[in-house]
Structure formats: structure tokens, C-alpha cells
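Input: a single structure, listed below in C-alpha cells.
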There are 2 protein chains.
Amino acid sequence: MKEGPDIALIGSLIGDPARANMLTALMAGQALTPTELAAHAGITLQTASSHLAKLEAGGLLTQRKQGRHRYYALSEDEVGLMLESLMGFAASRGLTRHRPGPKDPALRKARVCYNHLAGDYGVRLLDSLVAARQIEVAGEDLALTDAGRDRIEALGIDYGALRKSRRPICRTCLDWSERRSHLAGSLGEALLTLFIDKGWAKRERDSRVVRFSDRGEKAFLELFPL
Amino acid sequence: MKEGPDIALIGSLIGDPARANMLTALMAGQALTPTELAAHAGITLQTASSHLAKLEAGGLLTQRKQGRHRYYALSEDEVGLMLESLMGFAASRGLTRHRPGPKDPALRKARVCYNHLAGDYGVRLLDSLVAARQIEVAGEDLALTDAGRDRIEALGIDYGALRKSRRPICRTCLDWSERRSHLAGSLGEALLTLFIDKGWAKRERDSRVVRFSDRGEKAFLELFPL
DNA sequence: CGGATGCTTCGACTACGATCGAAGTATGAA
DNA sequence: TTCATACTTCGATCGTAGTCGAAGCATCCG
């Protein structure tokens, strides 16, 4: 009828509270089963199953069968970016679903955004890499410089493996708490994995919060100065 | 209940086809009356009125009374950016509402994105300014350099006026057709206005298409080389 | 092979919201 | 003042989508 892409379909998928809760839960980056997602959304398994089918048909989720479990996850980085952008706007309107509690500051400090680090620390990470000219910015796109490649290889990240995947290595993602960009893409994912593997940070159970240890925090701040 | 902003409310607002049509129409940047928006959405005035009240309550729209007309517009740049991001995802899924016609290439070449230039030409504009070091990129944020300020003042844009407004002067906006960034913010708006004032380009009626004249196209391409 | 777990499908109920006609309010024109 | 236009509010109708119980598959375990 009118020109342009159909945003109503996507909007209505996100618009149902149960589905929105599931999507929010999946923003933590881990693949979850219908049973788990039903608990997150506060609905029965049957209803959850129907919602998940719709989300999958709409291209927001992908499904992986493993034994008698089915694991659902956001289908691609793009979905996470879009959701974070919605959250940014919702947060700016003061539309928060939760009573602000002790978790809130932790969430703003460091949290998982689909598969990479967001919050204060996520923003700092990108800023630091850009300041050190290890990442160059060109609009929405980021590019790893030669110095940047050396740097991440020194950290123990396999640059070749990142390159092989079809996803962009670097990518910006708008942070809803900081309202600035942080680092997404396969490099963002690899770095978060690195921090956790090194024992610098741990993910809190059933939450997006990333909790740094004292030692990890010190190492992170030294490694990525402003 | 759960942590994080409430995206369901925003989603459900966008999720209704009638409302989505109105929002899409308002992406053209002009403020429209309920009667006009009702026509765009294919509903009666009464229904439109109810939808508009909801969109305003949700913070997506603002309203300006002028005589016996009421003009609705997107409430801020942020809303346009969010919608464009949704369109990007919808387009990547092939969810387009329109039959691809002769208008489509024109739309991809140059169109209005709320209040600034998008499409191929919009992307080129930002790229050119960045290449000339008149804009510097730092994550999501853009900064006008001294050279950039001189440049836009030479073009006849009042830098002081841009500065006075509380909105950011430069800003990136993800382009759904090009899937790259173009220039938003008050400078983006001022530049589009400039192109139209100079007679280089005209906006097509009831459409987001921006049509450049031969002379205007030549001038634009010379002024903003890659 | 049972029996248990995880999930989907079916069917029926329910509630919410979109829709429009009719009536009410505001602004402008004659 | 009177009429017309632009819009909102009210009220009633109607559809659709979310919800869950019950039943049906699939997978794993002993």
C-alpha cells in the first residue's frame, strides 16, 4: 500500500508482553529452552511454544534441537542491535518494568548485550580502542587497524577465525544506559569471552549483569585506559 | 518484573498496522493533521484520533495546535532513528509492504529520513565529510571539526543557530536501504533544507523521495566527492 | 519395552483493542 | 450570531490474539 518496509509486523511481535520478556531474557546471549523462557515470561509452556513459533517465523529467533531440548536464541546480531535501540528509547521515556534495586547499578556498570559487553565498561572498551587508534570509525562501521590486529592477537584472540565468519568483526551498538556506543560484532563477542575465560569477570545467573572480580577489574582498567 | 526497559509498550504502539502507517508517513518529516494521517492509514478520523492520542501518550509524537488544525510530528530525532532501525531489520527480512515499482530506485537513491537526507546520497554526504576531515567519528557520536565549521558556514549555514538548539549537531542514522550510516542531527536537517532552498532538489508530494535536478545533482556530487 | 520428560498441536474460552456511527467541543468564516 | 470545518469523546460491535487444559509426538533412560 505504502512505500517502505513493514514495521508493523516486527512491532507486533515485540509488542506482546510475554514475547517482549522472552526477547529481553534472550538478550543475555544464552540460548534458552521453551520451558525456561515460559518461566521468564510467566506463562505456560503451551503458550510459550506458540509465541516462539511466531518469533521464529518472524525471523527474530532461531532454534537448535539438541536431544530432547530445543534451544532458542536471537537469530543474528542485527536483532540484538534493534532491541537495544528500542530499549534505549523506552529507557529515555522512563518506561522501565523493574523497581530500581541493587542490581540496577551493576547493570549499568557492565552487562551482556546479546553476546558482547555493554554498559559503562562496554563503552569504555570501545573508547579506549579508538583512542589508541586500534579501531577506526567510519560512520556506523568500525575497522580494525593493523595496530588493532596486533593488539588482539597479543591478547590471544584468533584473528583469522574472526575473519572467516561472515559477520562483521567490529560494529557499534547503542547502549541504552550510557546512550553511547559500545563494541559489538565478532570481536566484541571474542573479547567478552576472553574476559570470562581469564576469570576477570563472571556472568550472574538469570541476569544480564557481568560481575568483575577485583583482580579482573584492575586488569581491565589497566588494559583499556581512557 | 524483569530487569530492563519495557519494550513491549513501544512495540505494541508500532505493532498496529494503522499506527505503523502513520508513523511511516511522518518519517517524511512533515507535520500532518489527523485527517491526512487517517487517509494515509486508510481509517476514519475517529479511529485515527484515538491512535494519535496513544502515540502521543507513548511519547512517539508531539502535537502542535494551529488554528483549527492539529499538526502531529515525530517527537524527536530519537524516534526517527528507532523507526529507521526497525525498517532496516524489516527490509533485511524482505518484509516490504509495497510492490517494488519505479519509485523504489528513487527511494534508494535519495529520500527524506524524518528531517535529513537518507539513501545513497545521504550516505555519500556523510562519507565525504568524514573523508575531508570535516566531521570526526567517535562511536555513535560525530563531531564537527574546525574545518567542518568553516565549511558549513561557507555553504551559508548558521553555525551559531545549530549550536543553540539542544539537539546534537551531528548524529549517525542507520540507513535501511544502504545499511550504512548517514548524517542526522540538526546539521543533517540544515543541509537538506539548504539543498532544497538552493533548488538542487525537490521533495515529491506524499512520498519520501527526494528528486535532484540535473544541475543540483552535479553540484551535489562536486561539492561532496568521495 | 515401559515410563518419564520436553515440547507441540488442537480446541475452546476470554479479553482486549480496533473500528466506526453519533454526539459533543473548539475554532474560524460569513 | 449562525453555519461550517476540524477534531475529540462516547458507546456499541466485532475480530483477533493470548491463554490454558487436554491430548499427541518425540526423545531419553532404565
Side-chain angles (χ1 to χ4, degrees), chain A residues 1-2 6-26 30-73 75 95 97 206, chain B residues 1-2 6-26 30-73 95 97:
Chain A
M1 185 160 178
K2 303 249 142 260
D6 182 12
I7 55 175
L9 213 160
I10 311 291
S12 68
L13 283 175
I14 304 175
D16 178 78
R19 286 194 290 259
N21 281 332
M22 297 193 200
L23 290 170
T24 305
L26 288 170
Q30 298 166 324
L32 298 173
T33 65
T35 308
E36 292 168 315
L37 287 166
H40 273 281
I43 52 178
T44 62
L45 181 57
Q46 303 95 295
T47 309
S49 176
S50 133
H51 284 309
L52 290 168
K54 285 172 193 174
L55 287 170
E56 193 182 5
L60 295 181
L61 300 185
T62 48
Q63 181 197 359
R64 200 178 66 228
K65 279 182 78 166
Q66 216 168 83
R68 54 180 156 178
H69 294 277
R70 301 203 175 187
Y71 288 96
Y72 281 92
S75 62
L95 300 172
R97 258 180 305 119
D206 291 330
Chain B
M1 187 163 177
K2 302 251 142 260
D6 181 12
I7 54 176
L9 212 161
I10 310 292
S12 67
L13 283 175
I14 304 174
D16 178 79
R19 285 193 291 259
N21 281 333
M22 298 193 198
L23 290 170
T24 306
L26 288 171
Q30 298 165 323
L32 298 174
T33 66
T35 309
E36 291 169 317
L37 287 166
H40 272 283
I43 53 179
T44 62
L45 181 57
Q46 304 94 297
T47 310
S49 176
S50 134
H51 283 309
L52 290 169
K54 284 172 195 175
L55 287 170
E56 193 183 4
L60 296 181
L61 300 186
T62 49
Q63 180 196 0
R64 198 178 66 227
K65 279 183 79 167
Q66 216 168 85
R68 54 181 158 182
H69 294 278
R70 301 202 175 187
Y71 288 95
Y72 280 93
L95 300 173
R97 259 180 303 120

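Residue numbers start from 1 in every chain, and the chains themselves are labelled A, B, ... in the order their sequence lines are given, proteins ahead of strands.
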Do the side-chain N or O atoms of [X] get closer than 4.0 angstrom to the phosphate oxygens (OP1, OP2) of [N]?
| X | N | result |
| --- | --- | --- |
| A/Lys54 | D/dG18 | yes |
| A/His51 | D/dT19 | yes |
| B/Thr44 | C/dT19 | no |

Could you identify which residues of residues 30-38 of chain B place a heavy atom less than 4.0 Å from some atom of DNA chain D, listed by residue number, or say none?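 The stretch gives B/Thr33, B/Pro34, B/Thr35 as the residues lying under 4.0 Å from the strand, ordered by number.
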Classify A/Tyr72 by what it touches in the nucleic acid, base, sugar-phosphate, or nothing, heavy-atom distance under 4.0 Å.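 Since only primed, P, OP1 and OP2 atoms lie under 4.0 Å of A/Tyr72, the category is sugar-phosphate.
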Shortest non-hydrogen separation from B/Ala31 to B/Ala73 and the atoms involved: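 Scanning both residues completely, I find the closest heavy atoms to be CB-CB, 4.1 Å.
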In whole angstrom, what separates [X]'s [atom1] from [N]'s [atom2]?
| X | N | atom1 | atom2 | value |
| --- | --- | --- | --- | --- |
| B/Leu9 | C/dC16 | CG | P | 15 Å |
| A/Arg64 | C/dG6 | CZ | P | 17 Å |
| B/Ile43 | D/dC7 | CD1 | P | 13 Å |
| B/Asp16 | C/dC16 | CG | P | 17 Å |
| A/Asn21 | D/dT19 | CG | C1' | 15 Å |

Partner of A/Tyr71 under side-chain contact (heavy atoms from CB on, under 4.5 Å), chosen from A/Gln30, A/Arg64, A/Gln63: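 Among A/Gln30, A/Arg64, A/Gln63, the one meeting side-chain contact (heavy atoms from CB on, under 4.5 Å) with A/Tyr71 is A/Arg64.
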Check against side chain to side chain contact (heavy atoms under 4.5 Å, CB included), B/Met22 and B/Ile43: CA-CA 11 Å; B/Met22 298 193 198; B/Ile43 53 179; 3.6 Å; yes
Write out a two-atom table: protein N or O, nucleotide N or O from nucleotides 9-11 of chain D, distance below 3.5 Å.
none

Check: A/Ser75 side chain, A/Gly59 main-chain N or O, donor-acceptor pair, under 3.5 Å: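 Yes, the answer is positive, given that a donor and an acceptor are paired below the 3.5 Å cut-off.
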Enter the distance from [X]:[atom1] to [Y]:[atom2] here, rounded to the nearest 0.5 Å.
| X | Y | atom1 | atom2 | value |
| --- | --- | --- | --- | --- |
| B/Ile14 | B/Thr24 | CD1 | OG1 | 9.5 Å |
| B/Leu13 | A/Ser12 | CG | OG | 12.5 Å |
| B/Asp6 | A/Asn21 | CG | CG | 8.0 Å |
| B/Leu61 | B/Arg19 | CG | CZ | 10.5 Å |
| A/Glu36 | A/Leu26 | CD | CG | 9.5 Å |
| A/Leu23 | A/His51 | CG | NE2 | 11.0 Å |

Is there a side chain to side chain contact (heavy atoms under 4.5 Å, CB included) between A/Leu32 and A/His40? Walk through the geometry before answering. CA-CA 10 Å; A/Leu32 298 173; A/His40 273 281; 4.3 Å; yes
On DNA chain D, compare the nucleotides closest to B/Ala48 and A/Thr47; which residue's is nearer the 5' end?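 Taking each residue's closest nucleotide, the earlier one in sequence belongs to B/Ala48.
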Any protein N or O atoms within reach of nucleotides 24-29 of chain C? Criterion: under 3.5 Å, listing atom names and distances.
unit_1	atom_1	unit_2	atom_2	d
C/dT27	OP1	B/Lys65	NZ	3.4

